[in-house]
Amino acid sequence: QVQLVESGGGLVQAGGSLRLSCAASGRTFSAYAMAWFRQAPAEEREFVAAISWSGGSTYYADSVKGRFTISRDNAKNTVYLQMNSLRPEDTAVYYCAAGSQGIGVLGFEYEYWGQGTQVTVSS
């Protein structure tokens with residue numbers, strides 16, 4: 001079992017930055033690929049970014065490429081999402097997820113999920 005707790009969300013103006021954190025506890029964090037997904041009101045959950053267990057591979061949705069950066073610190077059992085140049089369309093609840101099957105872009109590829117943190121970008 002892996003428990004995930006996100007933090008760092010909030011309200012920011014367009015063009016601003018936020019850094020989300022996801023702290024993991026339970027089973028060996030470094031064995032899991034990690035990802036961020038988001039869900040806006042009345043929208044389906046969508047993939048944002050993922051990182052391999054070692055941090056050596058990353059993958060981004062086209063909508064955030066060049067603006068968001070995913071990273072991890074296995075010594076701290078934490079994964080991060082640095083979000084720059086934020087836009088109103090980035091407003092959503094952001095979820096952290098952990099998966100044992102390697103890096104992926106689909107929700108079902110991840111076994112464990114956090115409770116989410118709200119990000120609101122004002123125009």
Side-chain angles (χ1 to χ4, degrees):
Q1 193 78 1
V2 175
Q3 292 79 43
L4 303 172
V5 179
E6 302 97 334
S7 62
L11 174 64
V12 63
Q13 288 189 331
S17 298
L18 282 175
R19 188 175 83 153
L20 305 184
S21 298
C22 173
S25 60
R27 304 189 69 176
T28 307
F29 174 74
S30 60
Y32 291 85
M34 301 296 296
W36 289 93
F37 289 77
R38 67 187 182 186
Q39 187 168 19
E43 299 288 335
E44 293 191 352
R45 183 178 61 193
E46 66 172 350
F47 170 78
V48 176
I51 188 167
S52 62
W53 66 271
S54 67
S57 297
T58 57
Y59 191 76
Y60 297 92
D62 287 344
S63 58
V64 307
K65 202 172 295 183
R67 300 188 298 123
F68 290 11
T69 302
I70 189 170
S71 62
R72 66 189 296 162
D73 185 339
N74 286 345
K76 295 183 178 180
N77 286 0
T78 303
V79 63
Y80 306 97
L81 186 68
Q82 178 66 44
M83 305 186 295
N84 299 328
S85 302
L86 282 161
R87 304 167 181 168
E89 54 264 39
D90 294 318
T91 295
V93 177
Y94 283 71
Y95 297 92
C96 172
S100 61
Q101 301 304 310
I103 199 168
V105 302
L106 300 174
F108 71 81
E109 296 178 287
Y110 295 87
E111 298 101 297
Y112 302 105
W113 293 80
Q115 82 290 346
T117 186
Q118 176 71 47
V119 171
T120 303
V121 184
S122 63
S123 56

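Because the structure is predicted, anything quoted here is derived from the model rather than measured.
Annotation: side chain of Lys76 is not in contact with side chain of Phe29 (no heavy-atom distance under 4.5 Å).
Shortest non-hydrogen contact noted between Gly9 and Leu20 is N-CD2, 3.6 Å. In terms of heavy atoms, Tyr60 sits closest to Ala49 at CD2-CB, 3.6 Å. In this structure, Tyr94 and Glu6 approach most closely via the heavy-atom pair O-OE2, 4.0 Å. A pairwise comparison of heavy atoms in Ser30 and Asn74 identifies CB-ND2, 3.6 Å as the closest pair. Scanning both residues, Met34 and Cys96, for their nearest heavy atoms gives CE-SG, 3.5 Å. Here the shortest heavy-atom pairing between Ala14 and Pro88 reads CB-CD, 4.1 Å.
Using a 4.5 Å cut-off between side-chain heavy atoms of Ile, Leu, Val, Met, Phe, Trp and Tyr, with links allowed through other members, Val79 and Ile103 fall into different hydrophobic clusters. Follow the hydrophobic side-chain contacts under 4.5 Å out from Ile70 and you reach Leu18 in the same cluster. Criterion: ILVMFWY side-chain heavy atoms under 4.5 Å apart, direct or through other members. Under it, Val119 and Tyr80 are not part of a common hydrophobic cluster. Put simply, Phe68 and Val105 are part of two different groups of oily side chains (I, L, V, M, F, W, Y) that touch within less than 4.5 Å, one to the next.
Arg72 places no side-chain N or O within 3.5 Å of a backbone atom of Gly55 that could act as its donor or acceptor partner. Under a 3.5 Å cut-off, the side chain of Tyr110 and the backbone N or O of Trp36 do not form any donor-acceptor pair. A donor-acceptor contact shorter than 3.5 Å links the side chain of Thr91 to the backbone of Val121.
Between Phe37 and Trp113, the ring planes lie tilted relative to each other; the angle falls in the 30° to 60° range.
Here Glu44 contributes atom CD and Gln39 contributes atom CD; the two are 8.0 Å apart, rounded to the nearest 0.5 Å. Once rounded to the nearest 0.5 Å, the distance linking CG of Leu4 with OH of Tyr95 reads 13.0 Å. The structure places CG of Asp90 at 11.0 Å from OG1 of Thr120, a figure rounded to the nearest 0.5 Å. The OG1 atom of Thr69 sits 11.0 Å away from atom CE of Met83, with the distance rounded to the nearest 0.5 Å. In this structure, OG on Ser123 lies 10.0 Å from CD on Glu89, to the nearest 0.5 angstrom. In this structure, CZ in Arg19 is found 11.5 Å from CG in Asn84, a value given to the nearest 0.5 Å.
Side-chain N/O atoms of Ser100 and Glu111 include a donor and acceptor closer than 3.5 Å.
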**OP:** Carefully, step by step, assess Arg38 and Leu81 under the rule side chain to side chain contact (heavy atoms under 4.5 Å, CB included).
**Re:** CA-CA 12 Å; Arg38 67 187 182 186; Leu81 186 68; over 6 Å; no
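Enclosure of atom OH in Tyr59 is not indicated, since only 12 or fewer non-hydrogen atoms of other residues, nucleotides or ligands lie within 6.0 angstrom.
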